Amino acid sequence: MGARLATRQLATATPAIGAHGCLHPEVETMSRDELAALQAQRLRETLANAWQHVPWQRSRLEAAGLHPDALHDAADLRRLPFMAKADLREHYPFGLLARPLAGLARIHASSGTTGKPTVVGYTAGDLQCWADLMARSMAGAGVRPGDLVHNAYGYGLFTGGLGAHAGAERLGCPVVPISGGGTERQVALLVDFGARVLCATPSYALAIAEVAEGLGVNLRASRLEVGLFGAEPWSAAMREQIEARLGLVAYDVYGLSEIMGPGVACECECRDGLHGWEDHFLFELIDPDTGTPVPDGAAGELVITTLTKEALPMLRYRTRDITRLAAARCACGRTHLRILRVTGRNDDMLIIRGVNVYPSQIEAVLVERPQLAPHYQLVVRREGVLDALAIEIEAQPGVEPAAWPALARDARHHVKSLIGLTAEVHVLAPGALPRSQGKAVRVRDLRPAAPAGTTAPPAGGAR
Ligand code: DLL
């Protein structure tokens with residue numbers, strides 16, 4: 001009995017955390033040259049895996065003249081055309097997997113709002129890598145072994161719940177696997193169990209704050225200290241709101257099911273961009289119109305190649321996410337590049353009377369107005385040949401209805417002067433708009449048929 005317990009203790013040994021929360025300091029602070037060599041080596045292995053096991057990938061590689069053995073460095077990959085979500089849909093459900101079903105340990109999917117879901121598969125080794133990277137991400141954000149993690153990301157086909165869960169366990173943290181929803185119960189358990197860490201979408205974190213306030217519960221006085229928020233765009237102003245109302249430090253975590261799930265990139269304590277884990281992924285930033293690399297520091301669409309995925313090697317996947325990259329070494333000492341805040345998806349961009357705008361840009365302007373609540377929706381209509389935008393936003397509780405029209409005029413003025421966009425603003429009663437339990441729906445597109453590429457319903461998924 002004693003011997004068995006001793007073995008079990010060895011198997012679950014608490015991970016050691018280095019300076020600045022580095023869980024894998026030898027990798028996180030590796031020199032750029034070492035990182036490039038590791039990437040080239042892993043890229044060759046990834047190409048070989050795709051070549052041998054995925055006929056569609058092999059024909060792409062052959063057409064590009066890219067034999068895995070001939071690959072010199074990561075730059076050679078630029079000869080290969082991009083791949084997109086449509087490629088996964090076309091090979092639905094399992095056509096791009098490099099392993100037979102029996103060789104998989106798990107399947108996830110993101111449902112989208114139209115058509116077939118995007119299906120992704122993981123080997124046992126893939127799940128281990130994912131747990132390691134999520135644990136690395138959490139450690140960098142200040143989570144420590146033994147911290148109680150309240151995980152309000154949805155469990156199920158969505159990668160958020162199980163991804164954060166496995167990362168927390170890998171870090172040696174007990175997890176409350178509460179999933180999304182049942183917000184009053186979430187508030188009660190946050191208080192009773194005393195979690196130090198909250199994992200949720202930013203919009204759901206706000207919904208939790210709001211319900212707590214309505215119940216007269218002060219979560220600022222709870223033991224919450226760290227929040228890991230992601231899965232949807234959120235502005236700096238939204239971060240301030242969440243921090244003020246929940247009494248924690250909020251970190252941004254990024255990921256997507258096609259590539260892995262949460263933990264592809266995460267902020268460290270410097271909160272100056274999200275470290276993209278370059279020992280497992282190759283990042284490129286392209287002009288979404290031309291497909292060519294953008295100049296250093298410019299905004300573009302993130303393209304990701306997996307370097308260690310066994311079940312689903314992804315080669316030059318267009319994420320549709322718009323961001324900037326920072327290559328300079330971060331003050332924390334990590335050498336992996338930083339992905340700056342993802343402002344939105346290419347396909348969420350609205351073009352209103354010639355002005356290109358992401359919902360998160362509008363959010364940034366609205367959330368700064370103290371008498372408005374951070375609950376809003378953008379409604380797009382067709383008026384004649386032009387698109388028109390209406391912003392629906394709630395007043396803060398306690399603000400007299402008589403003051404709403406003036407608030408609406410003020411918000412309209414700031415949206416016009418800061419973004420250059422003319423929009424009607426409707427201030428609504430507190431609680432008038434639906435609350436999310438996962439990803440918030442920010443755009444209601446009421447146009448008869450949206451022209452391709454201008455806008456689309458938000459990237460969906462089981463939340
Ligand atoms: O949202 C994975 C995830 C779960 C990430 C939990 C972080 C936390 P999908 O459902 O496949 O996967 O959606 C991926 O969500 O392409 C982005 O458009 C958006 N997204 C994810 N994280 C962020 C973020 C998960 N931190 C899509 N900021 C991505 C902005 C984000 N957008």
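All ligand and atom numbering here is 1-based and tracks the order in the structure. Side-chain atoms are counted along with the backbone in the values below, which use heavy atoms only and exclude waters and symmetry mates. Keep in mind the model is a prediction, meaning the values are calculated, not measured.
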message = Is it the case that ligand 1 has an N or O less than 3.5 angstrom from some N or O of Ser110?
response = no
Proximity of Thr159 to ligand 1 by residue part, where a heavy atom lies under 4.0 Å = side chain
inquiry  = Tell me whether Thr319 has any N or O atom under 3.5 angstrom from an N or O of ligand 1.
reply    = no
ring-ring contact (aromatic ring centres under 6.0 Å, His included) partner of Trp130, chosen from His108, His280, His165 = His108
message = Looking at ligand 1, is there an atom of it that comes within less than 4.0 Å of some heavy atom belonging to Lys439?
response = yes
inquiry  = Please determine whether the number of non-hydrogen atoms from other residues, nucleotides or ligands lying under 6.0 Å from atom CZ of Arg79 exceeds 12.
reply    = yes
ask   = Just checking, is any N or O donor in the side chain of Ser257 or Thr159 under 3.5 Å from an acceptor N or O on the other one?
value = no
ask   = Out of Leu256, Leu274, Leu162, whose heavy atom is nearest to atom 12 (O) of ligand 1?
value = Leu256
inquiry  = Heavy atom to atom 28 (N) of ligand 1, shortest distance: which of Glu258, Lys85, Glu232 holds it?
reply    = Glu232
request  = Check the surroundings of atom CG in Asn356: do more than 12 heavy atoms from other residues, nucleotides or ligands lie under 6.0 Å from it?
outcome  = yes
query = Hey, is CZ on Arg223 packed in by over 12 heavy atoms from elsewhere, all under 6.0 Å?
reply = no
inquiry  = With a 6.0 Å cut-off (strictly less than), is the heavy-atom count around CD of Glu213, excluding the residue itself, greater than 12?
reply    = yes
key: ligand 1-proximal atoms of Asp321, by part, heavy-atom distance under 4.0 Å   = side chain
ask   = Are any of the N/O atoms in Ala231 less than 3.5 Å from those in ligand 1?
value = yes
ask   = With a cut-off of 4.0 Å, which atoms of ligand 1 are near a heavy atom of Phe158?
value = 1 (O), 4 (C), 10 (O), 25 (C)
